[in-house]
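Input: a single structure, listed below in structure tokens.
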Amino acid sequence: MLTCIGLRKDYVTERGAVAAVAGIDLEVAAGRFAAIIGRSGSGKSSLMAMIGGLSRPSAGQVTVDGTDIWGLSENDLAAFRNRRIGYVFQFASLLPTLRLVDNVALPALLGRSRDGTDAYGRAAELLAQMGLGDHLDAYPSEVSAGEQRRAVIARALINDPAMILADEPTSDLDEQTEIEIMDELLAVNRERGTTLVLVTHNLALAEQAEQIVHIAGGGIVA
Ligand SMILES: Nc1ncnc2c1ncn2[C@@H]1O[C@H](COP(=O)(O)OP(=O)(O)OP(=O)(O)O)[C@@H](O)[C@H]1O
Ligand SMILES: [Mg+2]
């Protein structure tokens, strides 16, 4: 279960303060697929960054499965992100000097959730599931954008997260590839019961969600 209470993000710039997220209360039940929609600049990515433990809220609380994530120490928050949250962002780039299999294994090695052999075994398995079984040793620049995104999904899954956060994960891909990548994410949601929070501009896609959260001007539109 994901809960946001009175969540705010104010950016202070030379032109003054911007209330990017202006008091959001939100609940997403465990295992659900929730879509976040709204115009450009409405605050979706700012909200996702706070939910994902990547950007500290100006005010309010984010609770993931009972843990007040912004109440954790830096180290505990880093461990929480590593173990519990999978990120699939549009520009969630793979490290260019590592092979796909290294990129996917890395979060398990860093989090010490698996030993080396196990991490590499699981990474190979996940890449194969994503249709990249023949590309384990390829470098990111040697595969297509859609294939890179599949590898990012495999990387997001290596530590069996409770929740996947996807911020416009497919907006730069062609329509058919978008459908294929979304099918992978939806399969993870359905088959593993991993909560999926997806930001999308694709309304047809959002309509497949169990919950639609419409954001405008940093708030939720009723
Ligand atoms: N680091 C930052 N510093 C200052 N202002 C920011 C920063 N990041 C975002 N903003 C501002 O906060 C508001 C919300 O931005 P955000 O990126 O959350 O929107 P978004 O809904 O994700 O838009 P898009 O659909 O274009 O990705 C915008 O007005 C934006 O200009
Ligand atoms: Mg955004």
Side-chain angles (χ1 to χ4, degrees), residues 2-28 32-64 69-70 74 77-78 80-81 85-94 145-146 148-153 155-156 161 163-175 177-179 181-182 184-186 188-189 194-222:
L2 162 71
T3 312
C4 303
I5 302 169
L7 206 54
R8 291 191 61 95
K9 184 74 188 188
D10 301 301
Y11 295 111
V12 181
T13 70
E14 287 166 6
R15 289 157 285 114
V18 182
V21 175
I24 281 189
D25 298 311
L26 176 64
E27 255 185 41
V28 179
R32 257 211 203 151
F33 168 24
I36 298 183
I37 59 169
R39 293 191 49 185
S40 180
S42 58
K44 304 179 300 295
S45 294
S46 303
L47 173 64
M48 291 289 270
M50 293 189 285
I51 291 173
L54 298 168
S55 165
R56 183 175 289 278
S58 307
Q61 211 178 44
V62 177
T63 309
V64 180
I69 66 168
W70 289 106
E74 284 284 325
L77 178 58
F80 189 88
R81 284 195 300 252
I85 304 180
Y87 303 89
V88 185
F89 291 173
Q90 183 178 338
F91 300 110
S93 42
L94 300 162
Q148 287 179 27
R149 208 59 42 84
R150 290 169 186 280
V152 169
I153 295 174
R155 184 180 65 183
M163 177 163 77
I164 290 189
L165 300 179
D167 190 348
E168 300 193 50
T170 52
S171 53
D172 57 329
L173 305 174
D174 67 84
E175 207 172 319
T177 307
E178 170 166 47
I179 290 169
I181 300 274
M182 272 313 303
E184 300 290 0
L185 284 174
L186 291 177
V188 169
N189 169 249
T194 310
T195 308
L196 174 62
V197 183
L198 169 79
V199 173
T200 182
H201 285 284
N202 181 333
L203 289 183
L205 229 163
E207 275 166 11
Q208 295 182 45
E210 295 157 290
Q211 180 179 358
I212 297 184
V213 181
H214 184 179
I215 309 276
I220 291 180
V221 182

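In this chain, numbering begins with 1 at the start of the sequence shown. In each ligand, atom 1 is the first atom listed, and ligand 1 is the first ligand listed.
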Nitrogen or oxygen atoms of Ala20 and ligand 1 under 3.5 Å apart: no

Between CG on residue Asp167 and CG on residue Leu54, distance to nearest 0.5 Å: 10.5 Å

Expected output: side-chain Asn189 to main-chain Thr195 donor-acceptor under 3.5 Å: no

Under 2.8 Å: N/O/S of Ser45 next to the Mg ion (ligand 2): yes

Protein heavy-atom partner closest to atom 25 (O) of ligand 1 - residue, atom, separation in Å: Lys44 NZ, 2.7 Å

Distance filter under 4.0 Å to Ser45 heavy atoms, resulting ligand 1 atoms: 17 (O), 18 (O), 20 (P), 22 (O), 27 (O)

Nearest-neighbour protein heavy atom for atom 26 (O) of ligand 1, which is reported as residue plus atom name and distance: Ser40 OG, 2.5 Å

Gly38 backbone acceptor or donor facing Lys44 side chain under 3.5 Å: yes

Smallest separation among heavy atoms of Leu186 and Leu196, with atom names: CD2-CD2, 4.0 Å

Test of proximity, Gly41 against ligand 1: N or O pairs below 3.5 Å: yes

N/O donor-acceptor pair under 3.5 Å between Lys9 side chain and Arg56 backbone: yes

Validation row: Met182, Leu198 side chains within 4.5 angstrom (heavy atoms): yes

Expected output: side-chain Gln211 to main-chain Glu27 donor-acceptor under 3.5 Å: yes

Heavy atom of His201, distance to ligand 1 below 4.0 Å: yes

Atoms of ligand 1, numbered as shown, that sit under 4.0 Å from any heavy atom of Thr13: 4 (C)

Close-contact set for ligand 1 against Ser42 heavy atoms, below 4.0 Å: 19 (O), 21 (O)

Nearest-contact summary for atom 9 (C) of ligand 1 - protein heavy atom, Å: Tyr11 CE1, 3.4 Å

Side-chain donor or acceptor of Ser58 paired with backbone N/O of Asp10 under 3.5 Å: yes

Nearest-0.5 Å distance that lies between atom CD1 in Ile85 and atom CD1 in Ile164: 11.0 Å

Non-hydrogen protein atom less than 4.0 angstrom from atom 31 (O) of ligand 1: no

Arg39 and ligand 1 - part of the residue with a heavy-atom distance under 4.0 Å: backbone

Proximal atoms of ligand 1 relative to Glu168 (non-hydrogen, under 4.0 Å): 25 (O), 27 (O)

Nearest protein heavy atom with distance in Å, relative to atom 15 (O) of ligand 1: Ser46 OG, 3.9 Å

